[in-house]
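Below: one structure, written as structure tokens.
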Amino acid sequence: MRLGLALGYWGRGPDAGHVPLAVEAERLGYDSVWTAESWGSDAFTPLAWIAARTSTIRLGTGVAQMAARTPAATAMHALTLDHLSGGRMMLGLGLSGPQVVEGWYGRPFPASPLTATREYVDVVRQVLRREGPVAVDGRFHPLPYRGPDGTGLGRPLKSITHPLRSDLPVLLGAEGPRNVAQTIRIADGWLPLYWAPSRPEAYGEAVRKLPEGFMVAPLTQVRVCDDVAEGLLPVKAMLGFYIGGMGHAARNFHADLMARMGYEEQARRIQELFLAGRREEAVRAVPDAFADEISLVGPRERIAERLAAWRAGPVTDLLAVSPDPHTLRVLAELNS
């Protein structure tokens with residue numbers, strides 16, 4: 001099982017510790033470093049900065065939001081960074097949800113998310129293969145554009161720049177069973193948000209039959225500490241925000257996933273508290289058991305024991321969410 005460092009997205013401003021942390025992860029033998037975006041910092045620019053300061057660690061977006069860019073523009077970002085980094089780029093994509101797509105990007109959330117994702121990946125693949133002009137007779141991402149408000153002058157184009165790798169890895173963030181099943185069919189890897197080694201069934205039967213070389217790379221909060229309950233607090237804070245605030249009360253993919261993992265009553269309670277403005281109560285309502293099973297928290301010996309379950313399943317890459325160099329070093333030693 002390879003290790004990765006997941007840096008996420010910025011808060012109020014850039015984190016001065018991100019680049020040194022990525023450099024340290026490379027020194028420790030970590031295979032990859034990942035950045036993200038929500039509605040603030042973007043995913044690609046920090047990776048370019050990290051690429052300039054490192055030489056071997058692979059670079060991934062975990063995830064870049066599809067609504068933020070057309071698929072052709074996303075492919076341009078990926079092939080450019082792949083060239084500048086000497087072939088280290090991995091493109092992780094996510095659809096996000098209606099609240100962000102419509103509220104931040106000002107675009108309609110697709111009525112058929114699986115079709116929209118499939119078309120998006122198709123365009124990206126065509127750009128990277130560069131076998132001919134890119135053309136998709138799509139519902140959501142048609143190329144050339146043939147809408148009633150267009151000029152009708154568009155024609156299929158082929159990338160001026162020759163991509164460094166036609167097989168640059170494309171991974172998808174997916175939560176629902178149908179979305180996960182499609183991800184396994186059309187992508188090179190999957191970025192689960194809440195992975196619990198004991199509950200693969202929450203993502204559907206397709207997880208049990210993965211293609212050779214398919215990446216399963218969950219983002220996992222890791223913290224070496226003496227007090228497990230205290231160490232779980234950041235995990236619970238993250239869950240409180242995602243379950244309670246990352247989505248509408250009537251449509252929240254994160255809350256739905258928590259429900260499928262056996263915590264439906266608690267998930268709805270977290271939503272209720274968060275949307276009522278009672279955020280601290282929402283965080284406290286996150287069950288310790290749920291936070292614990294999707295993270296690696298506690299003394300070194302406890303993490304070592306629990307790590308065996310992660311290795312025994314389909315996980316190929318554990319992407320550690322940890323701002324602590326000591327934790328990164330311990331995890332590298334335990335995984336060696």
Side-chain angles (χ1 to χ4, degrees), residues 9 34-39 42-44 47 59-82 89-147 150 154 156-159 161 163 165-193 203 206 211 214-215 217 247 251 253:
Y9 45 79
W34 301 74
T35 56
E37 59 191 12
S38 54
W39 50 90
D42 79 279
F44 291 97
L47 275 188
L59 312 159
T61 53
V63 295
Q65 295 180 333
M66 292 185 228
R69 306 161 192 87
T70 66
T74 294
M76 290 166 64
H77 277 294
L79 73 84
T80 301
L81 190 46
D82 201 42
M89 179 65 192
M90 294 180 288
L91 180 61
L93 300 170
L95 197 59
S96 192
Q99 186 180 44
V100 176
V101 173
E102 298 183 2
W104 181 248
Y105 294 115
R107 304 181 61 181
F109 188 78
S112 300
L114 270 67
T115 302
T117 299
R118 197 162 55 246
E119 291 178 9
Y120 202 103
V121 171
D122 185 13
V123 174
V124 170
R125 298 280 203 200
Q126 288 192 49
V127 173
L128 294 174
R129 286 195 300 263
R130 202 178 177 274
E131 294 172 347
V134 180
V136 174
D137 183 19
R139 174 182 174 186
F140 298 99
H141 301 291
L143 283 176
Y145 181 71
R146 300 299 188 204
L157 299 171
K158 184 166 65 172
S159 173
T161 303
R165 294 180 296 160
S166 61
D167 59 350
L168 186 154
V170 177
L171 300 90
L172 295 173
E175 295 180 28
R178 291 177 61 225
N179 198 354
V180 172
Q182 174 174 271
T183 294
I184 293 168
R185 291 195 304 271
I186 70 173
D188 302 301
W190 171 40
L191 297 161
L193 186 57
Y203 290 101
F214 187 82
M215 289 179 64
R251 195 168 187 183
F253 303 130

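Owing to the predicted nature of the structure, the values given are computational and were not obtained by experimental measurement.
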Side chains of residues 109-118: which donor-acceptor partners sit under 3.5 Å, not counting sequence neighbours?
| residue | atom | partner | partner atom | Å |
| --- | --- | --- | --- | --- |
| Ser112 | OG | Arg139 | NH1 | 3.0 |
| Thr115 | OG1 | Arg118 | NH2 | 3.3 |
| Thr117 | OG1 | Pro113 | O | 2.9 |
| Arg118 | NH1 | Gln182 | OE1 | 2.5 |

Margin query: Using a 6.0 Å cut-off, check whether atom CZ of Arg129 has over 12 heavy atoms from anything other than its own residue.
Written below: yes

Note to self: Give me the atom names and distance for the closest heavy-atom approach of Arg146 to Gly154.
What the structure shows: NH1-O, 3.3 Å

Next item on the list: Return yes if a side-chain donor-acceptor contact under 3.5 Å exists between Glu175 and Asn179, otherwise no.
Entry: no

Checklist line | Flag side-chain contact, heavy atom, 4.5 Å: Leu91 against Leu171 | finding: no

Next item on the list: Please check if the side chain of Glu37 supplies one atom and the backbone of Ala43 the other of a donor-acceptor pair under 3.5 Å.
Entry: yes

Checklist line | Donor-acceptor pair, side chain of Arg107 and main chain of Ala67, under 3.5 angstrom | finding: yes

Note to self: Are the side chains of Leu168 and Leu79 in contact, using a 4.5 Å heavy-atom criterion?
What the structure shows: no

Check: Do Thr74 and Tyr120 touch side chain to side chain, with heavy atoms closer than 4.5 Å?
Finding: yes

Checklist line | Worked check of side-chain contact (heavy atoms from CB on, under 4.5 Å) between Val134 and Val127 | finding: CA-CA 6 Å; Val134 180; Val127 173; 3.8 Å; yes

Check: Is Arg125 salt-bridged to Asp167, going by a charged N under 4.0 Å from an acidic O?
Finding: no

Notebook entry, point to check: With no hydrogens and no angle check, is any side-chain donor or acceptor of Arg130 less than 3.5 Å from a backbone partner on Pro163?
Noted result: no

Notebook entry, point to check: Can you tell me how far the CG atom of Leu95 sits from the CE atom of Met66, to the nearest 0.5 Å?
Noted result: 5.0 Å

Check: Arg165 side chain to Met89 main-chain N or O, any donor-acceptor pair under 3.5 Å?
Finding: yes

Check: Heavy-atom distance under 4.5 Å between the side chains of Ile186 and Leu172, does that happen here?
Finding: yes

Next item on the list: Give the minimum heavy-atom separation between Ala206 and Ile184, together with the two atoms involved.
Entry: O-CD1, 3.4 Å

Margin query: Donor-acceptor pair, distance only, cut-off 3.5 Å: does the side chain of Glu131 make one with the backbone of Gln126?
Written below: no

Note to self: Using every non-hydrogen atom in the two residues, find where Val101 and Ser96 come nearest and quote the distance to one decimal.
What the structure shows: CG2-CB, 4.2 Å

Note to self: Whether the side chain of Thr61 engages the backbone of Gly92 through a donor-acceptor N/O pair (distance < 3.5 Å, no angle test) should be reported.
What the structure shows: yes

Check: Do side-chain atoms of Asp188 reach the backbone of Val170 as a donor and acceptor pair under 3.5 angstrom?
Finding: yes

Check: So do Phe44 and Arg69 actually touch side chain to side chain, heavy atoms under 4.5 Å?
Finding: yes

Next item on the list: Please name the pair of heavy atoms, one in Gly62 and one in Leu191, separated by the smallest distance, quoted to 0.1 Å.
Entry: CA-CD1, 4.2 Å

Checklist line | Side chains of Gln65 and Val100 in contact at under 4.5 Å (non-hydrogen atoms) | finding: yes

Check: Does Tyr203 have any ring-ring contact (aromatic ring centres under 6.0 Å, His included) partners at least two apart in sequence or in another chain, and if so, which?
Finding: Trp190, Trp195

Item checked: Close side-chain approach of Asp42 to Tyr9, heavy-atom, < 4.5 Å -> no

Next item on the list: Check whether any side-chain N or O of Glu119 sits under 3.5 Å from a backbone N or O of His141 as a donor-acceptor pair, and report yes or no.
Entry: yes

Checklist line | 4.5 Å side-chain heavy-atom contact, Trp104 and Gln99 | finding: no

